[in-house]
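Inspection log for the structure reproduced underneath, given as structure tokens.
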Amino acid sequence: MAEQTTSGNPQQGASGGAAGTGSGYDPQKIELKWQKRWADARVFESEADPSKSKYYILEMLPYPSGTMHMGHMRNYTIGDVVARMKRMRGFNVLHPMGWDAFGLPAENAAIKNKTHPREWTNRNVGEFQRVLRRFGFSYDWRREIWTCDPEYYRWNQWFFLRMLERGLAYRKKSRVNWCPKCCTVLANEQVINGGYCWRHEDTLVETREIEQWFLKTTAYAEQLLDDLKELEGGWPERVILMQKNWIGKSQGAKVKFAVADIAGVEPIEIFTTRIDTIYGATALILAPTHPLVSKLLEGSPERAEAEPQLAKMRQTSVKTEDLATMEKEGFFTGRYATNPFSEEKIPIWVGNFVLMEYGTGAIMAVPAHDERDSEFAAKYGLPKPVVVVPETQAPPSKTEGGAPAHPIEAAFTEYGISVNSGPFSGLKTEDAIAKMAAFAEQKGFGRAETIYRLRDWGISRQRYWGTPIPVVYCAKDGLVPVPDKDLPVVLPPNPKLTGEGESPLAATPEFVNTTCPKCGGPARRETDTMDTFVDSSWYFYRYTDPHNDKAPFDSAKAAYWFPIDQYIGGITHAILHLLYSRFWCKVMRDMGLITHNEPAARLFTQGMVQKGGVTMSKSRGNVVGAEDMAQKYGADTGRLYTLFAAPPEKDLEWSEESIEGSWRFLNRVYRLIERHAEAVRGVKGRVGKIEDPPSKIERGAPAPVSVGATAKEKTLLRKVHQTLRRVTQDFETRWHFNSAIALIMELTNAIYAQEPLEDGVRPEVRKEVLELVTLMLAPMTPHLAEELWEMLGHKDGLWTVAWPAFREDLARDEEVEIVVQVNGRVRGKIKVPAGTAEDEIVKMAQVDPGIAHHLAGKRIVKRIFVPDKLLNLVVA
RNA sequence: GCCCGGGUGGCGGAAUGGCAGACGCUGAGGACUUAAAAUCCUCCGGGGAUUUUUCCUCAUGUGGGUUCGACUCCCACCCCGGGCACCA
């Protein structure tokens, strides 16, 4: 930003008045002026009103950290354009903003600077607020939310208690991901790149066993999957797919294998999607962390050899990315299990590729029909009996037992026909799966079952800057929920934050020591705080009723505003935030707070802003500060460029050179209107108001000159109404803001081409044209548009004005250019009055010298005619 | 490995079966100016023909296909980005 010191510098141009750009466009002055007017007129404040059509548009709430840069602004700019457009379209728009204000960075900063996390948070929120206001976004600031406000997080606690009552919150000891830098537990989803902390991408995550609080997201697995259907068409396909994969539904069967030879050991339960291949199982393989492993090794002849290997497997860090390529390793436990179908004894192994977290932590190995098992079997010399053959390859006979003459090399994993499978031989795979599962259930050693990859949501964090979990532990009464009337359980004001050892709350006696709500005796408070994804799982409901102190929100208000009509945010939240929000919504529905199934009807994921080919971020040091931007060019130029440089869903490469183009364009528009403002000021202009019905808005467009219009006037009116038609489309249906801006630029160029307008264009036509330019820009560059609107002689602010309706009669072309092709190649163009008949155009084409010589000596065998557009003559 | 995106001038991008490269940036030239900036105008994919006007031809990652006509639809492949991944 610094090296631009030519006198074309907009800052000089702006502050120096007419110098620099040669126009009086001074964004610093007009932007502040209009922001103040909007605030004074309370333009963006809205209330639930069932008599009005509502539109709830929401951008994901930011985590206020560091400097706000143009990467942040893209999200809000897109949202603001849509919000303002919908306002102009007469919708009652809810467009709120708030702060994801709890979280680790605040606490880490506090540790580093020996301050309180609140100070860091306050400072950052202050900066973010200032920048968002500086950009003129149309938020209803009365609804602002800070998630670290006790009046907000008390409802996190309230929800937690409700979930506890419903059995959706529970405590269990579990292996957790522990980040040594954060000194806290991470959710599985916060472990990225196969074993690294999501905040410290260079820090390997360890595992520890701790008592944790969980929310039972798995109880809703089927609904979370099923209701994705409701989102089709409204959410990006890939987000739906990512959610689907994350939930990971898998239909199969669980089967119990009895352990042979040793008494008192419970059977080993495996999960398989291919129970039909069970006659081909040549081993059971357990996860290294499977609870039965030690029991099996006890007294086993293989124990001495096995134990060191087991120890090694258990400690190997779980780097998932290596997992996929890692050599499959295993060892024999010295024990055998009985295949309940074949009664065969098969060896029990332990394998490093079997995951305790998925299924039952144990599998049956079927080397002939599974890739991994095949690989494993090859390495350790396990047999590979074939039990399924392709349907095309007719089974020789219902052979009983015995492997085929030659072992197969590759595993056959497709469906086919069962062979060598006892009474199930000869069945098609689908039938075999159904019959064998039924058989297992009938005999009591198994059943068909559906499992999910989705796991319960671990919400415990051993940190200070989050929502305290509202339970106490009493020696007499055990775990006791804090009664609603005692909420919120507030954070102690002066914690000792060291970043080491136990959690800060545990180290604060005045917080920990309390009395039992049941017996009044001494008790200890829970010292874990909640994952901040809890805060963001329902904040958009609070916006509908932000100051309610009786309930998280009023159901009637939520019913009016919900579902969110348009949610906008980064693809980075495609899984976690959205999945948790969907879960929360379903829980609230089951509690009777709301009636809908899904919180957001439409989701838009905008692309990232990059500089130098990488995503703009503070840590990469390639940010373009939003405030610097506003100071140099003004907010409107920043907004316009962000919209113009790329379509909103694609990544945007920031270019200091290109932005000059947006700045120049706005100046060009300003000069144009400045030049004609005086002459048109007294003329009657547009009258369409936001609250008017569509028919009146249409009439609001003056029909100034259908009689006696000059050629210039016709050209201008046609161009402006054609532009309006296409821009309206780009805004409403496609969100192609970049091409909408291109169209307005083209229009501006066309107006300039007709200068001097005084010569042959009456003031009322000039006014119509300039007003439409202004209105089309209004959602994108609202400050400039207000200023221009005022210059054009309007007393009422633009916020009272409706989006204009285009006039079909004015947009229609009188003369069109027909493209003439011969055999599909363009050979000429003919200008004709609109609506000219095909035959006529063919005649003209045949005598057109440029076209005629392509037809010479040939016969026209076919004609394709697109009225007012194209004629294709096929010749032979 | 599987699943999504995407590949168009020097650059960002436009064109949802009908003139490929709109619009903007960069660059070149011109006007204005004592000069510079700003502003305004013109040109700007490759090759070829032509004295100019102009005409032909190739070109949207590669190779096929459908069609009167393909950046657009279909098939195969290559490359780039993202997601998932011993999921039993």
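Within every chain, numbering begins at 1; the chains are lettered A, B, ... in the order of the sequence lines, protein sequences first and strands thereafter.
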*Reckon A:V819 touches a base, only the sugar-phosphate, or nothing at all at heavy-atom distances under 4.0 Å?*
base
*Using a cut-off of less than 4.0 Å, is there contact between a side-chain N or O of A:R668 and OP1 or OP2 of B:C40?*
yes
*Which value, in whole Å, describes the distance between the C1' atoms of nucleotides B:U57 and B:A20?*
15 Å
*Using ring-ring contact (aromatic ring centres under 6.0 Å, His included) as the criterion, list what pairs up with A:F604, not counting sequence neighbours.*
A:W735
*Can you figure out which of B:C68, B:A85, B:C58 approaches the side chain of A:R453 most closely?*
B:A85
*Qualifying residues under ring-ring contact (aromatic ring centres under 6.0 Å, His included), relative to A:Y380, sequence neighbours excluded*: A:W349, A:F376
_Atom C1', compared across B:G83 and B:U16: separation rounded to whole Å_ = 26 Å
*Between B:A14 atom P and A:L743 atom CG, what is the distance in whole Å?*
12 Å
*Taking CE from A:M313 and C1' from B:C86, how many angstroms apart are they, rounded to a whole number?*
13 Å
*For nucleotides B:U8 and B:U62, find the distance between their P atoms and express it as a whole number of Å.*
10 Å
*Which is true for A:P236 with a 4.0 Å heavy-atom rule: it touches a base, it touches only sugar-phosphate, or it touches nothing?*
nothing
*Using a distance-only test with no angle check, is there a side-chain donor-acceptor pair under 3.5 angstrom linking A:Q722 and A:D813?*
yes
*Report the distance from atom CD of A:E649 to atom P of B:G13, rounded to the nearest whole Å.*
11 Å
*asked:* I want to verify a distance call: between B:G83, B:A88, B:A22, whose nearest atom is closest to the A:I363 side chain?
replied: B:A88
*Residues two or more places apart in sequence or in another chain: which of them pass side chain to side chain donor-acceptor pair (under 3.5 Å) with A:R668?*
A:N749
_Taking only the C1' atom of each, what is the distance from B:C32 to B:U39 in whole angstrom?_
9 Å
*Closest non-hydrogen atom pair, A:A837 against A:F865*: C-CZ, 4.5 Å
*Taking atom P in both B:C58 and B:G69, what distance in whole Å separates the two?*
15 Å
*Closest approach of A:F731 to A:P779 (non-hydrogen atoms, all atoms of both residues)*: CE2-CG, 3.6 Å
*Any donor-acceptor N or O pair under 3.5 Å, side chains A:E329, A:N352*: no
*On RNA chain B, nearest-nucleotide positions of A:E817 versus A:G248: which is more 5'?*
A:E817
*To the nearest angstrom, how far is A:I864 atom CD1 from B:A70 atom P?*
12 Å
_Please confirm whether the shortest side-chain N or O distance from A:R671 to OP1 or OP2 of B:C40 is below 4.0 Å._
yes
Tabulated below should be each protein N or O lying under 3.5 Å from an N or O of nucleotides 3-8 of chain B; please produce it.
none

*When you check the phosphate oxygens OP1 and OP2 of B:C87, does a side-chain N or O of A:R372 lie under 4.0 Å from one of them?*
yes
*Taking it one step at a time, do A:T282 and A:K384 satisfy side chain to side chain donor-acceptor pair (under 3.5 Å)?*
CA-CA 7 Å; A:T282 53; A:K384 289 187 172 187; over 6 Å; no
*Taking all atoms of both residues into account, what is the closest heavy-atom pair of A:A287 and A:V293, and its distance?*
O-CG2, 3.6 Å
_At less than 4.0 Å, is any side-chain N or O atom of A:N749 found next to OP1 or OP2 of B:C23? Yes or no._
no
*Interatomic distance, A:W654 atom CH2 to A:M70 atom CE [nearest 0.5 angstrom]*: 3.5 Å
*A:I818 CD1 to B:G18 P: how many Å, rounded?*
15 Å
*Can you tell me how far P in B:U60 sits from the matching atom in B:G46, rounded to whole Å?*
15 Å
_Steps toward salt bridge (charged side-chain N to carboxylate O under 4.0 Å, His left out) verdict (A:E222, A:K249)_ = CA-CA 8 Å; A:E222 190 59 38; A:K249 181 177 180 171; 3.0 Å; yes
Produce the list of close N/O pairs, under 3.5 Å, pairing protein atoms with atoms of nucleotides 25-31 of chain B; give distances to one decimal.
residue : atom : partner : partner atom : Å
B:C25   : OP1  : A:R664  : NE           : 3.0
B:C25   : OP1  : A:R664  : NH2          : 2.7
B:U26   : OP2  : A:R664  : NH2          : 3.2

*What nucleotide, of B:C87, B:C68, B:G83, holds the atom closest to the side chain of A:N872?*
B:C68
*Between B:G24 atom C1' and A:E653 atom CD, what is the distance in whole Å?*
16 Å
_Under 3.5 Å for both donor-acceptor distances, Watson-Crick or wobble: does B:G5 have a partner, and if so which one?_
B:C80
Protein-nucleotides 15-17 of chain B N/O pairs under 3.5 Å:
residue : atom : partner : partner atom : Å
B:A15   : OP1  : A:R734  : NH2          : 3.0

*Scan A:V354 against the nucleic acid and name what it touches under 4.0 Å (heavy atoms): base, sugar-phosphate only, or nothing.*
base
_What I want to check is whether an N or O donor and acceptor connect the side chain of A:K328 with the base of B:C86 at under 3.5 Å._
yes
*Ignoring backbone atoms, test whether A:R675 places a side-chain nitrogen or oxygen under 4.0 Å from the OP1 or OP2 oxygen of B:U39.*
no
*Given the P atoms of B:G61 and B:A70, what is the spacing between them in whole Å?*
15 Å
*Search all heavy atoms of A:F644 against all heavy atoms of A:N738 and return the closest pair with its distance.*
O-CB, 3.4 Å
*Just checking, any donor-acceptor pair under 3.5 angstrom between side chains of A:Y25 and A:E674?*
no
_Between C1' of B:G69 and CZ of A:R863, the distance in whole Å_ = 17 Å
*If B:C73 has a Watson-Crick or G-U wobble mate with both distances under 3.5 Å, name it; if not, just say none.*
B:G65
*asked:* Go nucleotide by nucleotide along RNA chain B from the 5' end; which of A:A645 and A:I451 gets its closest nucleotide reached first?
replied: A:A645
*For atom P, what is the distance between B:G12 and B:C77, given to the nearest Å?*
28 Å
*When we call it a touch if two heavy atoms are under 4.0 Å apart, what does A:E371 touch: a base, just sugar-phosphate, or nothing?*
nothing
*Given that both distances must come in under 3.5 Å, which nucleotide forms a Watson-Crick or G-U wobble pair with B:A35?*
none
*Any chance the side chains of A:H676 and A:E755 put a donor and an acceptor closer than 3.5 Å?*
yes
*asked:* With the 90 degree cut-off around zero defining syn, does B:G9 come out syn or anti?
replied: syn
*Would you tell me if any nitrogen or oxygen in the side chain of A:K862 comes within less than 4.0 Å of OP1 or OP2 on B:C68?*
yes
*Sort out the partner of B:G17 for me: Watson-Crick or G-U wobble, both distances under 3.5 Å, none otherwise.*
none
*A:K254 and A:E449 ion-paired at < 4.0 Å*: yes
_Taking pairing as Watson-Crick or G-U wobble with both contacts under 3.5 Å, can you name the mate of B:U42, or confirm there isn't one?_
B:A28
*Can you tell me how far P of B:C86 sits from NZ of A:K379, to the nearest Å?*
18 Å
*Taking atom types as they are modelled, is there a donor-acceptor pair under 3.5 Å from the base of B:G18 to the side chain of A:Q821?*
yes
*Side chain of A:S739, backbone of A:H736: donor and acceptor closer than 3.5 Å?*
yes
